[in-house]
Number of protein chains: 2
Amino acid sequence: MSSDNNKLSLDSIRDSLIRQEDTIIFNLIERIKYPLNSTLYKQPSSSSWNISGSLFHCLFQETEALQSKVGRYLSPEENPFFPDNLPASIIPPSKSTHILHPAAESVNVNEKILDVYIKQLLPLFCTEADEEGNFATTASCDIQLLQALSRRIHYGKFVAEVKFRDCTDQYKPLILAKDSDALMKLLTFEAVEEMVKKRVAKKAMTFGQQVTLNIDDSTKEVKYKVDPSLVSRLYDEWIMPLTKLVEVEYLLRRLD
Amino acid sequence: MSSDNNKLSLDSIRDSLIRQEDTIIFNLIERIKYPLNSTLYKQPSSSSWNISGSLFHCLFQETEALQSKVGRYLSPEENPFFPDNLPASIIPPSKSTHILHPAAESVNVNEKILDVYIKQLLPLFCTEADEEGNFATTASCDIQLLQALSRRIHYGKFVAEVKFRDCTDQYKPLILAKDSDALMKLLTFEAVEEMVKKRVAKKAMTFGQQVTLNIDDSTKEVKYKVDPSLVSRLYDEWIMPLTKLVEVEYLLRRLD
(Lines give C-alpha, C1' and ligand atoms only; values in the text may rest on other atoms or scores of the structure.)
Protein backbone atom coordinates (compact mmCIF):
# COMPACT_ATOMS: atom_id res chain seq x y z
CA MET A 1 0.00 0.00 0.00
CA SER A 2 2.76 2.42 0.92
CA SER A 3 4.51 1.70 -2.36
CA ASP A 4 1.28 2.43 -4.19
CA ASN A 5 0.81 5.72 -2.45
CA ASN A 6 4.41 6.40 -3.17
CA LYS A 7 3.89 5.76 -6.85
CA LEU A 8 1.20 8.38 -6.86
CA SER A 9 3.30 11.31 -5.74
CA LEU A 10 4.30 13.55 -8.61
CA ASP A 11 7.88 13.46 -7.30
CA SER A 12 8.23 9.71 -7.58
CA ILE A 13 6.65 9.74 -11.04
CA ARG A 14 9.12 12.41 -12.13
CA ASP A 15 12.03 10.41 -10.72
CA SER A 16 10.92 7.35 -12.65
CA LEU A 17 10.52 9.33 -15.89
CA ILE A 18 14.02 10.79 -15.47
CA ARG A 19 15.50 7.36 -14.83
CA GLN A 20 13.69 6.00 -17.89
CA GLU A 21 15.50 8.60 -20.03
CA ASP A 22 18.76 6.81 -19.25
CA THR A 23 17.26 3.47 -20.27
CA ILE A 24 15.98 4.87 -23.56
CA ILE A 25 19.34 6.49 -24.40
CA PHE A 26 21.35 3.35 -23.49
CA ASN A 27 19.05 1.24 -25.67
CA LEU A 28 19.16 3.75 -28.50
CA ILE A 29 22.97 3.78 -28.48
CA GLU A 30 22.98 -0.01 -28.57
CA ARG A 31 20.49 -0.23 -31.43
CA ILE A 32 22.29 2.22 -33.69
CA LYS A 33 25.55 0.27 -33.48
CA TYR A 34 23.85 -1.70 -36.25
CA PRO A 35 22.72 -0.31 -39.58
CA LEU A 36 19.06 0.04 -40.54
CA ASN A 37 18.71 -3.62 -41.61
CA SER A 38 15.47 -2.74 -43.38
CA THR A 39 14.91 -6.31 -44.62
CA LEU A 40 13.89 -7.19 -41.06
CA TYR A 41 10.83 -4.95 -41.23
CA LYS A 42 9.63 -5.81 -44.72
CA GLN A 43 7.07 -8.33 -45.81
CA PRO A 44 9.27 -11.18 -47.11
CA SER A 45 9.18 -11.35 -50.89
CA SER A 46 10.15 -14.99 -51.09
CA SER A 47 7.66 -17.39 -49.61
CA SER A 48 10.56 -19.59 -48.51
CA TRP A 49 10.68 -17.99 -45.07
CA ASN A 50 7.22 -19.35 -44.39
CA ILE A 51 6.13 -16.60 -42.03
CA SER A 52 3.28 -14.13 -42.17
CA GLY A 53 4.29 -10.50 -41.69
CA SER A 54 7.84 -9.23 -41.41
CA LEU A 55 10.60 -11.14 -39.67
CA PHE A 56 10.65 -8.49 -36.96
CA HIS A 57 6.90 -8.63 -36.46
CA CYS A 58 7.03 -12.41 -35.95
CA LEU A 59 9.96 -12.24 -33.56
CA PHE A 60 8.47 -9.40 -31.52
CA GLN A 61 5.08 -11.09 -31.26
CA GLU A 62 6.61 -14.37 -30.12
CA THR A 63 8.83 -12.55 -27.61
CA GLU A 64 5.80 -10.84 -26.12
CA ALA A 65 3.97 -14.16 -25.86
CA LEU A 66 6.96 -15.60 -23.99
CA GLN A 67 7.16 -12.62 -21.62
CA SER A 68 3.42 -12.70 -21.06
CA LYS A 69 3.78 -16.19 -19.62
CA VAL A 70 6.15 -14.75 -17.00
CA GLY A 71 3.64 -12.08 -16.07
CA ARG A 72 4.98 -9.05 -17.92
CA TYR A 73 1.54 -7.72 -18.77
CA LEU A 74 0.13 -8.11 -15.28
CA SER A 75 2.03 -4.93 -14.46
CA PRO A 76 0.07 -1.71 -15.08
CA GLU A 77 3.32 -0.18 -16.39
CA GLU A 78 3.54 -2.62 -19.30
CA ASN A 79 1.41 -2.54 -22.44
CA PRO A 80 1.67 -5.18 -25.14
CA PHE A 81 2.24 -4.31 -28.80
CA PHE A 82 0.27 -7.39 -29.87
CA PRO A 83 -2.47 -7.70 -27.25
CA ASP A 84 -4.56 -10.27 -29.10
CA ASN A 85 -4.26 -13.89 -28.04
CA LEU A 86 -1.50 -13.33 -25.49
CA PRO A 87 -0.99 -16.47 -23.38
CA ALA A 88 -1.93 -16.23 -19.70
CA SER A 89 0.72 -15.70 -17.05
CA ILE A 90 1.87 -18.77 -15.13
CA ILE A 91 2.66 -16.42 -12.23
CA PRO A 92 -0.43 -15.32 -10.29
CA PRO A 93 -1.07 -11.55 -10.26
CA SER A 94 0.23 -9.84 -7.12
CA LYS A 95 -2.34 -8.43 -4.76
CA SER A 96 -1.33 -4.78 -5.08
CA THR A 97 -4.15 -2.25 -4.98
CA HIS A 98 -4.95 -0.72 -8.30
CA ILE A 99 -4.04 2.91 -8.56
CA LEU A 100 -5.20 3.57 -12.09
CA HIS A 101 -8.83 3.74 -13.18
CA PRO A 102 -9.87 0.40 -14.78
CA ALA A 103 -10.23 2.20 -18.14
CA ALA A 104 -6.41 2.49 -18.20
CA GLU A 105 -6.24 -0.95 -19.77
CA SER A 106 -7.97 0.24 -22.91
CA VAL A 107 -5.44 3.05 -23.50
CA ASN A 108 -2.69 1.67 -25.72
CA VAL A 109 -0.84 3.70 -28.37
CA ASN A 110 1.71 0.99 -29.21
CA GLU A 111 0.47 0.64 -32.78
CA LYS A 112 1.40 4.30 -33.32
CA ILE A 113 4.73 3.87 -31.54
CA LEU A 114 5.69 0.90 -33.70
CA ASP A 115 4.68 2.71 -36.87
CA VAL A 116 6.66 5.85 -35.99
CA TYR A 117 9.62 3.74 -34.90
CA ILE A 118 9.96 1.80 -38.12
CA LYS A 119 9.00 4.54 -40.57
CA GLN A 120 10.57 7.60 -38.98
CA LEU A 121 12.95 6.87 -36.12
CA LEU A 122 15.04 4.05 -37.57
CA PRO A 123 15.76 5.90 -40.86
CA LEU A 124 16.62 9.03 -38.86
CA PHE A 125 19.08 7.35 -36.50
CA CYS A 126 20.56 4.47 -38.50
CA THR A 127 22.87 4.24 -41.47
CA GLU A 128 21.29 2.63 -44.51
CA ALA A 129 22.65 -0.91 -44.94
CA ASP A 130 21.80 -4.55 -44.39
CA GLU A 131 23.98 -6.77 -42.20
CA GLU A 132 22.29 -10.14 -42.42
CA GLY A 133 24.56 -11.64 -39.78
CA ASN A 134 23.20 -9.19 -37.21
CA PHE A 135 19.47 -9.45 -37.82
CA ALA A 136 18.79 -11.32 -34.59
CA THR A 137 20.85 -8.99 -32.38
CA THR A 138 19.39 -5.95 -34.12
CA ALA A 139 15.86 -7.21 -33.52
CA SER A 140 16.49 -7.84 -29.85
CA CYS A 141 17.85 -4.29 -29.47
CA ASP A 142 14.70 -3.03 -31.23
CA ILE A 143 12.48 -4.91 -28.82
CA GLN A 144 14.30 -3.56 -25.76
CA LEU A 145 14.14 -0.01 -27.12
CA LEU A 146 10.49 -0.22 -28.18
CA GLN A 147 9.50 -1.61 -24.79
CA ALA A 148 11.41 1.22 -23.07
CA LEU A 149 9.69 3.83 -25.27
CA SER A 150 6.30 2.23 -24.66
CA ARG A 151 6.80 2.14 -20.90
CA ARG A 152 7.85 5.81 -20.89
CA ILE A 153 4.95 6.94 -23.05
CA HIS A 154 2.29 4.93 -21.21
CA TYR A 155 3.59 6.28 -17.92
CA GLY A 156 1.37 9.16 -18.98
CA LYS A 157 -1.45 7.23 -17.34
CA PHE A 158 0.15 7.70 -13.93
CA VAL A 159 0.93 11.34 -14.66
CA ALA A 160 -2.68 11.94 -15.68
CA GLU A 161 -4.05 10.12 -12.64
CA VAL A 162 -2.04 12.17 -10.17
CA LYS A 163 -2.87 15.42 -11.95
CA PHE A 164 -6.55 14.48 -11.96
CA ARG A 165 -6.48 13.70 -8.24
CA ASP A 166 -4.66 16.95 -7.45
CA CYS A 167 -6.96 19.19 -9.51
CA THR A 168 -10.17 17.22 -10.00
CA ASP A 169 -12.26 20.38 -10.17
CA GLN A 170 -10.24 21.68 -13.08
CA TYR A 171 -10.29 18.45 -15.07
CA LYS A 172 -13.85 17.27 -14.47
CA PRO A 173 -15.74 19.78 -16.63
CA LEU A 174 -13.29 19.33 -19.54
CA ILE A 175 -13.66 15.55 -19.33
CA LEU A 176 -17.43 15.78 -19.24
CA ALA A 177 -17.33 18.09 -22.27
CA LYS A 178 -14.92 15.64 -23.99
CA ASP A 179 -12.74 18.67 -24.73
CA SER A 180 -9.46 17.01 -25.82
CA ASP A 181 -7.87 20.27 -26.90
CA ALA A 182 -8.47 21.99 -23.59
CA LEU A 183 -7.18 18.91 -21.74
CA MET A 184 -4.05 18.89 -23.89
CA LYS A 185 -3.49 22.56 -23.13
CA LEU A 186 -3.93 22.01 -19.40
CA LEU A 187 -1.35 19.19 -19.52
CA THR A 188 1.27 21.15 -21.45
CA PHE A 189 4.07 22.95 -19.65
CA GLU A 190 6.47 24.38 -22.20
CA ALA A 191 9.16 25.28 -19.69
CA VAL A 192 9.22 21.71 -18.39
CA GLU A 193 9.39 20.33 -21.93
CA GLU A 194 12.33 22.60 -22.76
CA MET A 195 14.14 21.35 -19.68
CA VAL A 196 13.53 17.72 -20.63
CA LYS A 197 14.91 18.35 -24.13
CA LYS A 198 18.05 19.94 -22.70
CA ARG A 199 18.55 17.21 -20.15
CA VAL A 200 18.24 14.34 -22.62
CA ALA A 201 20.73 16.06 -24.95
CA LYS A 202 23.15 16.32 -22.05
CA LYS A 203 22.60 12.67 -21.22
CA ALA A 204 23.24 11.70 -24.85
CA MET A 205 26.57 13.57 -24.67
CA THR A 206 27.48 11.93 -21.39
CA PHE A 207 26.49 8.36 -22.22
CA GLY A 208 27.50 8.56 -25.87
CA GLN A 209 31.07 9.74 -25.41
CA GLN A 210 34.12 7.62 -26.11
CA VAL A 211 35.66 7.11 -22.66
CA THR A 212 39.43 6.70 -22.76
CA LEU A 213 42.22 6.86 -20.20
CA ASN A 214 44.20 9.40 -22.23
CA ILE A 215 43.88 12.85 -20.71
CA ASP A 216 44.97 14.61 -23.91
CA ASP A 217 41.96 13.10 -25.71
CA SER A 218 39.84 15.78 -24.12
CA THR A 219 41.25 18.32 -26.56
CA LYS A 220 40.27 16.20 -29.55
CA GLU A 221 37.04 16.72 -31.40
CA VAL A 222 34.38 14.74 -29.55
CA LYS A 223 32.39 12.22 -31.54
CA TYR A 224 29.22 10.97 -29.88
CA LYS A 225 27.68 7.55 -30.45
CA VAL A 226 24.31 9.24 -30.85
CA ASP A 227 23.63 12.78 -32.02
CA PRO A 228 22.43 14.72 -28.92
CA SER A 229 20.23 17.03 -31.00
CA LEU A 230 18.43 13.99 -32.44
CA VAL A 231 17.73 12.72 -28.93
CA SER A 232 16.18 16.10 -28.09
CA ARG A 233 14.10 15.84 -31.23
CA LEU A 234 13.02 12.29 -30.33
CA TYR A 235 11.57 13.68 -27.10
CA ASP A 236 10.19 16.85 -28.68
CA GLU A 237 8.46 15.35 -31.69
CA TRP A 238 7.52 11.87 -30.56
CA ILE A 239 7.93 10.87 -26.91
CA MET A 240 6.37 13.92 -25.26
CA PRO A 241 3.46 14.35 -27.73
CA LEU A 242 2.62 10.63 -27.49
CA THR A 243 2.80 10.77 -23.69
CA LYS A 244 0.33 13.64 -23.70
CA LEU A 245 -1.90 11.72 -26.08
CA VAL A 246 -1.94 8.86 -23.53
CA GLU A 247 -2.75 11.36 -20.78
CA VAL A 248 -5.68 12.82 -22.72
CA GLU A 249 -7.01 9.39 -23.71
CA TYR A 250 -6.82 8.26 -20.11
CA LEU A 251 -8.51 11.38 -18.77
CA LEU A 252 -11.34 11.14 -21.30
CA ARG A 253 -12.17 7.73 -19.78
CA ARG A 254 -11.42 8.74 -16.19
CA LEU A 255 -15.06 9.30 -15.22
CA ASP A 256 -16.50 6.23 -16.97
CA MET B 1 36.49 -10.50 -47.81
CA SER B 2 37.87 -7.09 -46.85
CA SER B 3 35.69 -7.03 -43.75
CA ASP B 4 36.97 -10.46 -42.80
CA ASN B 5 40.58 -9.41 -43.16
CA ASN B 6 39.67 -6.33 -41.24
CA LYS B 7 38.27 -8.40 -38.41
CA LEU B 8 41.57 -10.13 -38.12
CA SER B 9 43.69 -7.08 -37.33
CA LEU B 10 44.46 -6.79 -33.65
CA ASP B 11 43.42 -3.12 -33.83
CA SER B 12 39.90 -3.85 -35.01
CA ILE B 13 39.54 -6.61 -32.43
CA ARG B 14 40.64 -4.22 -29.71
CA ASP B 15 38.18 -1.57 -30.91
CA SER B 16 35.37 -4.10 -30.76
CA LEU B 17 36.34 -5.25 -27.27
CA ILE B 18 36.42 -1.64 -26.06
CA ARG B 19 33.00 -0.92 -27.57
CA GLN B 20 31.64 -4.08 -25.95
CA GLU B 21 32.65 -2.69 -22.54
CA ASP B 22 30.05 0.06 -23.02
CA THR B 23 27.39 -2.52 -23.89
CA ILE B 24 28.18 -4.59 -20.82
CA ILE B 25 28.10 -1.58 -18.49
CA PHE B 26 24.83 -0.23 -19.97
CA ASN B 27 23.22 -3.64 -19.55
CA LEU B 28 24.60 -4.05 -16.05
CA ILE B 29 23.20 -0.67 -14.99
CA GLU B 30 19.82 -1.65 -16.41
CA ARG B 31 19.76 -5.04 -14.70
CA ILE B 32 20.60 -3.75 -11.25
CA LYS B 33 17.72 -1.28 -11.30
CA TYR B 34 15.83 -4.37 -10.15
CA PRO B 35 16.55 -6.35 -6.99
CA LEU B 36 17.97 -9.87 -7.06
CA ASN B 37 14.57 -11.52 -7.68
CA SER B 38 16.07 -14.85 -6.71
CA THR B 39 12.78 -16.74 -7.21
CA LEU B 40 13.39 -16.45 -10.94
CA TYR B 41 16.48 -18.66 -10.76
CA LYS B 42 15.19 -21.30 -8.37
CA GLN B 43 13.63 -24.62 -9.16
CA PRO B 44 9.93 -23.90 -8.51
CA SER B 45 8.72 -25.53 -5.30
CA SER B 46 5.10 -25.67 -6.30
CA SER B 47 4.31 -27.87 -9.25
CA SER B 48 1.61 -25.40 -10.26
CA TRP B 49 3.99 -23.56 -12.61
CA ASN B 50 4.25 -26.69 -14.69
CA ILE B 51 7.76 -26.04 -16.00
CA SER B 52 10.97 -28.00 -15.70
CA GLY B 53 13.93 -26.00 -14.43
CA SER B 54 13.77 -22.43 -13.16
CA LEU B 55 11.53 -19.79 -14.66
CA PHE B 56 14.62 -17.99 -15.97
CA HIS B 57 16.04 -21.14 -17.49
CA CYS B 58 12.82 -21.75 -19.42
CA LEU B 59 12.53 -18.19 -20.62
CA PHE B 60 16.17 -17.97 -21.68
CA GLN B 61 16.03 -21.28 -23.53
CA GLU B 62 12.87 -20.30 -25.40
CA THR B 63 14.34 -16.88 -26.23
CA GLU B 64 17.43 -18.53 -27.72
CA ALA B 65 15.26 -20.87 -29.78
CA LEU B 66 13.39 -17.86 -31.14
CA GLN B 67 16.60 -15.99 -31.97
CA SER B 68 18.11 -19.08 -33.54
CA LYS B 69 15.30 -19.07 -36.10
CA VAL B 70 16.41 -15.57 -37.13
CA GLY B 71 19.98 -16.75 -37.58
CA ARG B 72 21.63 -15.54 -34.39
CA TYR B 73 23.86 -18.58 -34.08
CA LEU B 74 25.04 -18.53 -37.67
CA SER B 75 27.36 -15.72 -36.58
CA PRO B 76 30.77 -16.90 -35.30
CA GLU B 77 30.52 -14.16 -32.63
CA GLU B 78 27.46 -15.74 -31.02
CA ASN B 79 27.45 -18.84 -28.84
CA PRO B 80 24.25 -20.34 -27.46
CA PHE B 81 23.78 -21.09 -23.76
CA PHE B 82 21.50 -24.03 -24.61
CA PRO B 83 23.00 -25.48 -27.79
CA ASP B 84 20.98 -28.71 -27.79
CA ASN B 85 17.96 -28.92 -30.07
CA LEU B 86 18.14 -25.33 -31.31
CA PRO B 87 15.77 -24.83 -34.24
CA ALA B 88 17.37 -24.14 -37.62
CA SER B 89 17.60 -20.64 -38.99
CA ILE B 90 15.00 -19.61 -41.55
CA ILE B 91 17.59 -17.17 -42.96
CA PRO B 92 20.27 -18.86 -45.06
CA PRO B 93 23.86 -18.48 -43.79
CA SER B 94 25.77 -15.64 -45.47
CA LYS B 95 28.65 -16.60 -47.69
CA SER B 96 31.39 -14.93 -45.67
CA THR B 97 34.73 -16.71 -45.56
CA HIS B 98 35.44 -18.37 -42.26
CA ILE B 99 38.23 -16.76 -40.33
CA LEU B 100 38.25 -19.02 -37.32
CA HIS B 101 39.45 -22.61 -37.31
CA PRO B 102 36.44 -25.00 -37.52
CA ALA B 103 37.22 -26.21 -33.99
CA ALA B 104 36.02 -22.81 -32.74
CA GLU B 105 32.48 -24.13 -32.69
CA SER B 106 33.30 -26.62 -29.97
CA VAL B 107 34.65 -23.93 -27.62
CA ASN B 108 31.79 -22.73 -25.45
CA VAL B 109 32.12 -21.64 -21.81
CA ASN B 110 28.55 -20.41 -21.43
CA GLU B 111 27.69 -23.01 -18.80
CA LYS B 112 30.42 -21.50 -16.61
CA ILE B 113 29.30 -17.95 -17.41
CA LEU B 114 25.70 -18.72 -16.43
CA ASP B 115 26.78 -20.43 -13.22
CA VAL B 116 29.06 -17.55 -12.19
CA TYR B 117 26.39 -15.03 -13.16
CA ILE B 118 23.64 -16.50 -11.01
CA LYS B 119 25.73 -17.64 -8.06
CA GLN B 120 28.29 -14.86 -7.79
CA LEU B 121 27.55 -11.79 -9.90
CA LEU B 122 23.86 -11.23 -9.17
CA PRO B 123 24.30 -11.46 -5.38
CA LEU B 124 27.30 -9.11 -5.63
CA PHE B 125 25.55 -6.41 -7.66
CA CYS B 126 21.89 -6.64 -6.64
CA THR B 127 19.98 -5.83 -3.50
CA GLU B 128 18.30 -8.84 -1.92
CA ALA B 129 14.56 -8.70 -2.59
CA ASP B 130 11.81 -10.15 -4.75
CA GLU B 131 9.65 -7.90 -6.91
CA GLU B 132 7.24 -10.31 -8.54
CA GLY B 133 5.81 -7.64 -10.82
CA ASN B 134 9.20 -7.19 -12.47
CA PHE B 135 10.20 -10.81 -13.10
CA ALA B 136 9.73 -10.58 -16.86
CA THR B 137 11.62 -7.30 -17.29
CA THR B 138 14.37 -8.52 -14.95
CA ALA B 139 14.76 -11.70 -16.98
CA SER B 140 15.00 -9.85 -20.26
CA CYS B 141 17.72 -7.61 -18.79
CA ASP B 142 19.51 -10.77 -17.62
CA ILE B 143 19.38 -12.24 -21.10
CA GLN B 144 20.75 -9.07 -22.73
CA LEU B 145 23.56 -8.88 -20.17
CA LEU B 146 24.45 -12.57 -20.35
CA GLN B 147 24.55 -12.43 -24.14
CA ALA B 148 26.83 -9.36 -23.99
CA LEU B 149 29.15 -11.09 -21.51
CA SER B 150 29.19 -14.24 -23.62
CA ARG B 151 29.99 -12.31 -26.82
CA ARG B 152 32.84 -10.47 -25.07
CA ILE B 153 34.31 -13.61 -23.54
CA HIS B 154 34.06 -15.72 -26.70
CA TYR B 155 35.70 -12.92 -28.66
CA GLY B 156 38.77 -14.59 -27.21
CA LYS B 157 38.59 -16.92 -30.21
CA PHE B 158 39.36 -14.02 -32.56
CA VAL B 159 42.08 -12.70 -30.24
CA ALA B 160 43.69 -16.15 -30.12
CA GLU B 161 43.45 -16.61 -33.88
CA VAL B 162 45.21 -13.34 -34.66
CA LYS B 163 47.89 -13.97 -32.04
CA PHE B 164 48.44 -17.45 -33.43
CA ARG B 165 48.79 -16.11 -36.98
CA ASP B 166 51.18 -13.38 -35.85
CA CYS B 167 53.46 -15.68 -33.82
CA THR B 168 52.78 -19.18 -35.09
CA ASP B 169 56.33 -20.32 -34.26
CA GLN B 170 55.88 -19.36 -30.64
CA TYR B 171 52.49 -21.01 -30.21
CA LYS B 172 52.95 -24.21 -32.20
CA PRO B 173 55.27 -26.12 -29.84
CA LEU B 174 53.13 -25.21 -26.81
CA ILE B 175 49.99 -26.40 -28.59
CA LEU B 176 51.65 -29.64 -29.64
CA ALA B 177 52.80 -30.17 -26.05
CA LYS B 178 49.24 -29.35 -24.85
CA ASP B 179 50.86 -26.97 -22.37
CA SER B 180 47.87 -24.93 -21.16
CA ASP B 181 49.84 -23.14 -18.46
CA ALA B 182 52.51 -21.91 -20.85
CA LEU B 183 49.83 -20.80 -23.32
CA MET B 184 48.02 -18.92 -20.56
CA LYS B 185 51.26 -17.21 -19.60
CA LEU B 186 51.99 -16.23 -23.19
CA LEU B 187 48.51 -14.72 -23.49
CA THR B 188 48.69 -12.69 -20.28
CA PHE B 189 49.74 -9.04 -20.33
CA GLU B 190 49.37 -7.60 -16.88
CA ALA B 191 49.85 -3.99 -17.95
CA VAL B 192 47.03 -4.31 -20.49
CA GLU B 193 44.75 -5.91 -17.91
CA GLU B 194 45.42 -3.09 -15.44
CA MET B 195 44.52 -0.57 -18.13
CA VAL B 196 41.25 -2.39 -18.91
CA LYS B 197 40.32 -2.42 -15.23
CA LYS B 198 40.94 1.32 -14.96
CA ARG B 199 39.06 2.09 -18.14
CA VAL B 200 35.93 0.13 -17.21
CA ALA B 201 35.86 1.82 -13.80
CA LYS B 202 36.00 5.19 -15.56
CA LYS B 203 33.21 4.10 -17.89
CA ALA B 204 31.10 2.97 -14.92
CA MET B 205 31.57 6.45 -13.40
CA THR B 206 30.67 8.16 -16.67
CA PHE B 207 27.67 6.06 -17.63
CA GLY B 208 26.45 5.53 -14.07
CA GLN B 209 26.29 9.17 -13.01
CA GLN B 210 23.05 11.06 -12.39
CA VAL B 211 22.98 13.66 -15.17
CA THR B 212 21.17 16.84 -14.18
CA LEU B 213 20.99 20.37 -15.56
CA ASN B 214 21.90 21.93 -12.21
CA ILE B 215 25.48 23.11 -12.26
CA ASP B 216 25.75 23.26 -8.47
CA ASP B 217 25.04 19.52 -8.33
CA SER B 218 28.67 18.93 -9.25
CA THR B 219 29.69 19.87 -5.73
CA LYS B 220 27.35 17.28 -4.23
CA GLU B 221 28.51 13.83 -3.31
CA VAL B 222 28.28 11.72 -6.46
CA LYS B 223 26.25 8.53 -6.30
CA TYR B 224 26.81 6.08 -9.14
CA LYS B 225 24.20 3.64 -10.42
CA VAL B 226 26.85 0.92 -10.36
CA ASP B 227 29.90 0.74 -8.11
CA PRO B 228 32.93 1.41 -10.39
CA SER B 229 35.21 -0.80 -8.28
CA LEU B 230 32.81 -3.71 -8.72
CA VAL B 231 32.93 -3.26 -12.50
CA SER B 232 36.73 -3.43 -12.32
CA ARG B 233 36.40 -6.57 -10.27
CA LEU B 234 33.94 -8.06 -12.78
CA TYR B 235 36.61 -7.72 -15.44
CA ASP B 236 39.49 -8.77 -13.20
CA GLU B 237 37.98 -11.87 -11.64
CA TRP B 238 35.58 -13.11 -14.29
CA ILE B 239 35.57 -11.56 -17.76
CA MET B 240 39.32 -11.51 -18.43
CA PRO B 241 40.09 -14.95 -16.93
CA LEU B 242 37.18 -16.52 -18.84
CA THR B 243 38.32 -14.83 -22.06
CA LYS B 244 41.79 -16.28 -21.60
CA LEU B 245 40.25 -19.67 -20.91
CA VAL B 246 38.47 -19.40 -24.29
CA GLU B 247 41.76 -18.39 -25.93
CA VAL B 248 43.61 -21.39 -24.47
CA GLU B 249 40.79 -23.82 -25.35
CA TYR B 250 40.75 -22.50 -28.89
CA LEU B 251 44.51 -22.67 -29.31
CA LEU B 252 44.66 -26.23 -27.97
CA ARG B 253 42.38 -27.22 -30.88
CA ARG B 254 44.01 -24.88 -33.43
CA LEU B 255 46.15 -27.55 -35.07
CA ASP B 256 43.48 -30.28 -35.16
Side-chain angles (χ1 to χ4, degrees), chain A residues 18-19 21-23 26-27 29-30 33 40 48-51 55-56 58-59 62-63 66-78 89-94 96 131-137 139-141 143-144 147 151 195 198-200 202-203 205-207 209-213 225, chain B residues 18-19 21-23 26-27 29-30 33 40 48-51 55-56 58-59 62-63 66-78 89-94 96 131-137 139-141 143-144 147 151 195 198-200 202-203 205-207 209-213 225:
Chain A
I18 289 175
R19 178 63 186 81
E21 291 165 2
D22 302 11
T23 302
F26 288 161
N27 284 314
I29 289 173
E30 286 303 298
K33 269 196 303 194
L40 262 175
S48 63
W49 282 6
N50 196 22
I51 53 169
L55 208 52
F56 179 65
C58 283
L59 198 64
E62 287 195 52
T63 302
L66 212 53
Q67 296 182 340
S68 176
K69 286 194 233 167
V70 206
R72 183 178 193 115
Y73 302 106
L74 297 176
S75 162
E77 293 178 28
E78 300 291 342
S89 167
I90 56 173
I91 299 179
S94 58
S96 65
E131 264 178 18
E132 216 164 68
N134 285 322
F135 279 179
T137 37
S140 66
C141 289
I143 294 171
Q144 288 284 116
Q147 288 179 330
R151 200 177 309 124
M195 205 178 62
K198 274 193 198 136
R199 188 174 55 230
V200 294
K202 191 172 170 192
K203 286 184 175 185
M205 284 185 234
T206 307
F207 304 147
Q209 65 186 289
Q210 320 283 346
V211 177
T212 67
L213 292 175
K225 294 190 202 87
Chain B
I18 289 175
R19 178 64 186 81
E21 290 165 5
D22 302 12
T23 303
F26 288 160
N27 283 314
I29 289 174
E30 287 303 297
K33 269 196 302 195
L40 263 175
S48 62
W49 284 4
N50 196 22
I51 52 169
L55 207 53
F56 179 65
C58 284
L59 197 64
E62 289 196 50
T63 302
L66 212 52
Q67 296 182 339
S68 176
K69 287 195 231 168
V70 206
R72 183 177 194 114
Y73 302 106
L74 298 175
S75 162
E77 293 178 29
E78 300 291 342
S89 168
I90 56 171
I91 299 178
S94 58
S96 66
E131 263 178 20
E132 216 165 71
N134 286 320
F135 279 178
T137 36
S140 64
C141 289
I143 293 172
Q144 289 284 114
Q147 289 179 330
R151 201 177 309 123
M195 206 180 60
K198 273 190 199 138
R199 188 176 54 233
V200 295
K202 192 172 167 191
K203 286 185 176 185
M205 281 184 234
T206 307
F207 303 147
Q209 64 186 289
Q210 319 283 346
V211 178
T212 66
L213 293 175
K225 293 190 202 86

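Predicted model only: the values in this text are computed from it and were never measured. Just so we're on the same page: letters track the sequence lines, and every chain starts at 1.
- Using a 4.5 Å cut-off between heavy atoms, B:Leu59 touches chain A through backbone and side chain atoms alike.
- Residue contact with chain A, scored on non-hydrogen atoms closer than 4.5 Å, is absent for B:Glu21.
- Both the backbone and the side chain of B:Thr63 come within less than 4.5 Å of a heavy atom of chain A.
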query = When you look at B:Leu55 and A:Ile90, which way does the side-chain contact (heavy atoms from CB on, under 4.5 Å) test go after all the steps?
reply = CA-CA 10 Å; B:Leu55 207 53; A:Ile90 56 173; 3.5 Å; yes
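- A:Glu62 meets the salt bridge (charged side-chain N to carboxylate O under 4.0 Å, His left out) test with B:Lys69; sequence neighbours excluded.
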task = Determine, step by step, whether A:Thr137 and B:Glu77 satisfy the side-chain contact (heavy atoms from CB on, under 4.5 Å) criterion, reporting the C-alpha distance in whole Å, the side-chain angles of both residues, the deciding distance to 0.1 Å, and the verdict.
result = CA-CA 11 Å; A:Thr137 37; B:Glu77 293 178 29; over 6 Å; no
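- For A:Ser140, the parts sitting under 4.5 Å from any heavy atom of chain B are the backbone and the side chain alike.
- Applying the salt bridge (charged side-chain N to carboxylate O under 4.0 Å, His left out) test to B:Lys33 and every residue at least two apart in sequence or in another chain returns B:Glu30.
- Residues B:Gly133 and A:Ser75 share a closest heavy-atom pair of O-CB, 4.1 Å.
- Most heavy-atom pairs under 4.5 Å with chain B: of the set A:Gln144, A:Arg151, A:Glu78, this distinction falls to A:Gln144.
- For a residue to count as touching a neighbouring chain, one of its non-hydrogen atoms must lie under 4.5 Å from one of that chain's; by this rule B:Ile29 touches chain A with backbone and side chain alike.
- Chain A forms the most heavy-atom pairs under 4.5 Å with one residue out of B:Val70, B:Asn134, B:Leu74, B:Asp22, and that residue is B:Val70.
- Between B:Phe26 and A:Phe26, the two ring planes are parallel [angle under 30°; tilted spans 30° to 60°].
- Ranking B:Ala136, B:Pro93, B:Ala139 against chain A, the residue ahead of the rest is B:Ala136, based on heavy-atom pairs under 4.5 Å.
- Here the shortest heavy-atom pairing between A:Ile91 and B:Phe135 reads CD1-CD1, 3.5 Å.
- The shortest heavy-atom contact between B:Val211 and A:Arg199 is O-CD, 4.0 Å.
- Contact annotation for B:Gln210: neither backbone nor side-chain heavy atoms come within less than 4.5 Å of a heavy atom of chain A.
- The choice from B:Arg19, B:Gln209, B:Met195, B:Lys225 that makes the most heavy-atom pairs within less than 4.5 Å of chain A is B:Arg19.
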